[in-house]
Amino acid sequence: MGRRKLLQEPKKKDDEPDHDPKAKRYSASTEAGIVVSGFFLTCCVFICPCVYKKKRETAPSVLTKDPNSSDSTFPLDMNVRAPPEKVPPSPSIVSISPNLIRIEPVHLNMAQVTRATRNFSPALQIGEGGFGTVYKAQLDSGQVVAIKRAKKEHFENLQTEFSSEVELLAKIDHRNLVRLLGYVDKGNERLIITEYVPNGTLRDHLDGQRGKILDFNQRLEIAIDIAHGLTYLHLYAEKQIIHRDVKSSNILLTESLRAKVADFGFARLGPMDSDQTHISTKVKGTVGYLDPEYMKTYQLTTKSDVYSFGILLIEILTGRRPVDLRRPVEERVTLRWAFRKFNEGHAVQLADQMMEEVVDADLLVKMFALAFQCAAPVRNDRPEMKSVGEQLWAIRADYLKSPRRG
Ligand SMILES: Nc1ncnc2c1ncn2[C@@H]1O[C@H](COP(=O)(O)OP(=O)(O)OP(=O)(O)O)[C@@H](O)[C@H]1O
C-alpha cells in the first residue's frame, strides 16, 4: 500500500503527460516530461531495482539456402535454438505438459500453393491486413498453414532482398513467435507461409468474440508470452529484430491460450525505404501504439516495441483499445485515461469489467505501473523487454501466492 501511495504522490491533475498517441508530433512539454520522468523513476526505484545488462548472444551464423530455391520456394534450413537461458520459461512450460509438435518448414511451388488455397478461394480467406490477404490452407501432407499473399499494388515496390529477409526470419524458432515456414517469390507473386494459429487474435478475445472472457491469470500469462517473444527478437535472434507493429491484432492465440507474436519483421518485407541504420523516412506502425519519440526522431530502437508493449499491456488489463472514439472525450485515449485514474488511486477500477474475478489491488497496481513505465514518453525511461518479462514473471509469482486467486 505504501508503494501505491508513493506512486500517486507526485501527481497533480494537470501534470498528465502529453503523450496522446494521436497528438501530432507529440510535443510533450518539458515540464510534464520532468514530472512524468520523476514518476517513472519512482516506479523504477520500487518496481525494477535491478540493473539490466543487455547481453547479446551471438547466434551461429548458419544461413543455408537451397541453391534451387532462387526463383520459387525457399527451403529454409532451420536453425533450431534452445530458448534463451536468461529469460524465465513461459508459464505454460511449467503448468501444461509439453505436447511439443515440431513444425517443419514447408516446400511449396506456386502450383502447390494454388491447389492448397483452392486458387485463393475467398472461402479460405481468414483475414486482410496491410501486407495482403491471409488464407488458411491445408497442404498435401495434411499440415494446416496460413498463407499471406501480398497485394498486387505492392509488387513493384517490394524489397529486392525479400528472399534473404525471409530466410533470416524463417530461422527464428520460438514458442511465442508465429513460425515462418516458407515463401514463394515468383513472377508477380510474393507469398509468405506461416504456422497457422487456430484461436484468433488477442483483440478477438478481449472483445469477447471467442467465447469465455480471459481471466486475470490468462491475461498475465499472455503478457508474459508476448514479452518473451519480443525479448527473443531484441536479444537473441541472429540479427536484432524490432517488430514495429506490436498490437493486439498481431498477437495470435493457440487453443491453450498461449500467445504468439505475429508479423515480426514483416515491416522489413513490404515496401519500404532503406532502413539498415534504423533511421527511416517514414514512420510505420499503428495509431495508438506508436512510440512518440520514434515519431519525433524517426529513429527506431527496441524501446519503440517496449512502448507499444506498454500500450498493449494497458489494453490487456482494461480490455479497451488504445484509442476508442466511441467513448467520452476524456476516455478516448486509453493511456491518458488510465494514467489519470491510476494516479487518483483507482487502479482497481481500470481492470476490465468483463473479468469476473476480483483481482488483488496490489497486483493491478504493479502491472499498471509497469505498463506506464513501458509507455514512458522518453525512451530512456523505458525498461528493456527482457526486464519487462522478468517483472511480469515476479508479478505472476506474487499472484500465485495471493489468497484471492481462483
Ligand atoms: N498465422 C496465422 N494463423 C491464423 N490466423 C492468422 C494468421 N495470420 C493472420 N491471421 C488472421 O488474418 C488476419 C489478418 O492478418 P494480417 O497480419 O495480414 O493483418 P493485421 O495484423 O490484422 O493488420 P496489419 O497488416 O495492419 O498488421 C489476422 O487478424 C488473423 O485473424
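Numbering of ligands and ligand atoms starts at 1, following listing order.
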Main-chain N/O of Ser121 paired with Asn119 side-chain donor or acceptor, under 3.5 Å: no
Looking only at protein heavy atoms, which one is nearest to atom 30 (C) of ligand 1, and how far off is it? Thr201 CG2, 3.9 Å
Within the 4.0 Å heavy-atom shell around Tyr196, which atoms of ligand 1 are there? 3 (N), 4 (C)
Just by modelled atom types, is the Gly142 backbone N or O under 3.5 Å from a matching donor or acceptor in the Gln138 side chain? yes
Heavy-atom nearest neighbour of atom 7 (C) of ligand 1 within options Leu252, Val197, Leu253, Asp263: Leu252
Short list, please: which atoms of ligand 1 are under 4.0 Å from a heavy atom of Asp245? 27 (O)
Answer yes or no: is there a donor N or O on one side and an acceptor on the other, between the side chain of His205 and the main chain of Lys212, under 3.5 Å? no
For Asp204, which part has a heavy atom under 4.0 Å from ligand 1: side chain, backbone, both, or neither? neither
Under 6.0 Å between ring centres: does that hold for Tyr232 and His174? yes
Shortest protein contact, atom 26 (O) of ligand 1 (heavy atom only): Lys247 NZ, 2.8 Å
If you scan protein heavy atoms around atom 19 (O) of ligand 1, the nearest is Gly129 CA, 3.2 Å
So which heavy atom in the protein is nearest atom 1 (N) of ligand 1, and how far is it from that ligand atom? Glu195 O, 2.8 Å
To check your reading of the model: name the closest protein heavy atom to atom 16 (P) of ligand 1, its residue, and the distance in Å. Lys148 NZ, 3.4 Å
Kindly confirm or rule out a cation-pi arrangement of Arg382 over Tyr307, judged by NZ or CZ under 6.0 Å from the six-membered ring centre and within 45° of its axis? no
Taking 4.0 angstrom as the limit and counting only heavy atoms of Asn250, give me the atoms of ligand 1 inside it, by number and element. 21 (O), 27 (O)
Counting non-hydrogen protein atoms only, what is the nearest one to atom 13 (C) of ligand 1? Give residue, atom name and distance. Gly127 CA, 3.6 Å
Going by heavy atoms in the side chains, are Gln209 and Thr201 under 4.5 Å from each other? no
I want to confirm something. Looking only at heavy atoms, which of Ile193, Ile126, Ile147 is nearest to atom 11 (C) of ligand 1? Ile126
Considering the heavy atoms of Thr194, write down every atom of ligand 1 situated less than 4.0 Å from one of them. 1 (N)
With under 30° as parallel and over 60° as perpendicular, where do the rings of Phe372 and Phe342 fit, or are they tilted in between? perpendicular
Quick one: look up the protein heavy atom nearest atom 14 (C) of ligand 1 and list residue, atom name and how far away it is. Glu128 N, 3.7 Å
Salt bridge (Lys or Arg N to Asp or Glu O under 4.0 Å) between Asp324 and Arg332, intermediate numbers included: CA-CA 5 Å; Asp324 189 346; Arg332 285 186 186 164; over 6 Å; no
For atom 9 (C) of ligand 1, grab the closest protein heavy atom and report residue, atom and distance to one decimal in Å. Val134 CG1, 3.7 Å
Quick one: does ligand 1 sit under 4.0 Å from the side chain of Thr286, the backbone, both or neither, non-hydrogen atoms only? neither
State whether the side chain of Gln112 and the backbone N or O of Asn109 hold a donor-acceptor pair below 3.5 Å, judged by distance alone. yes
Parallel under 30°, tilted from 30 to 60°, perpendicular over 60°: which one fits the rings of Tyr135 and Phe120? perpendicular
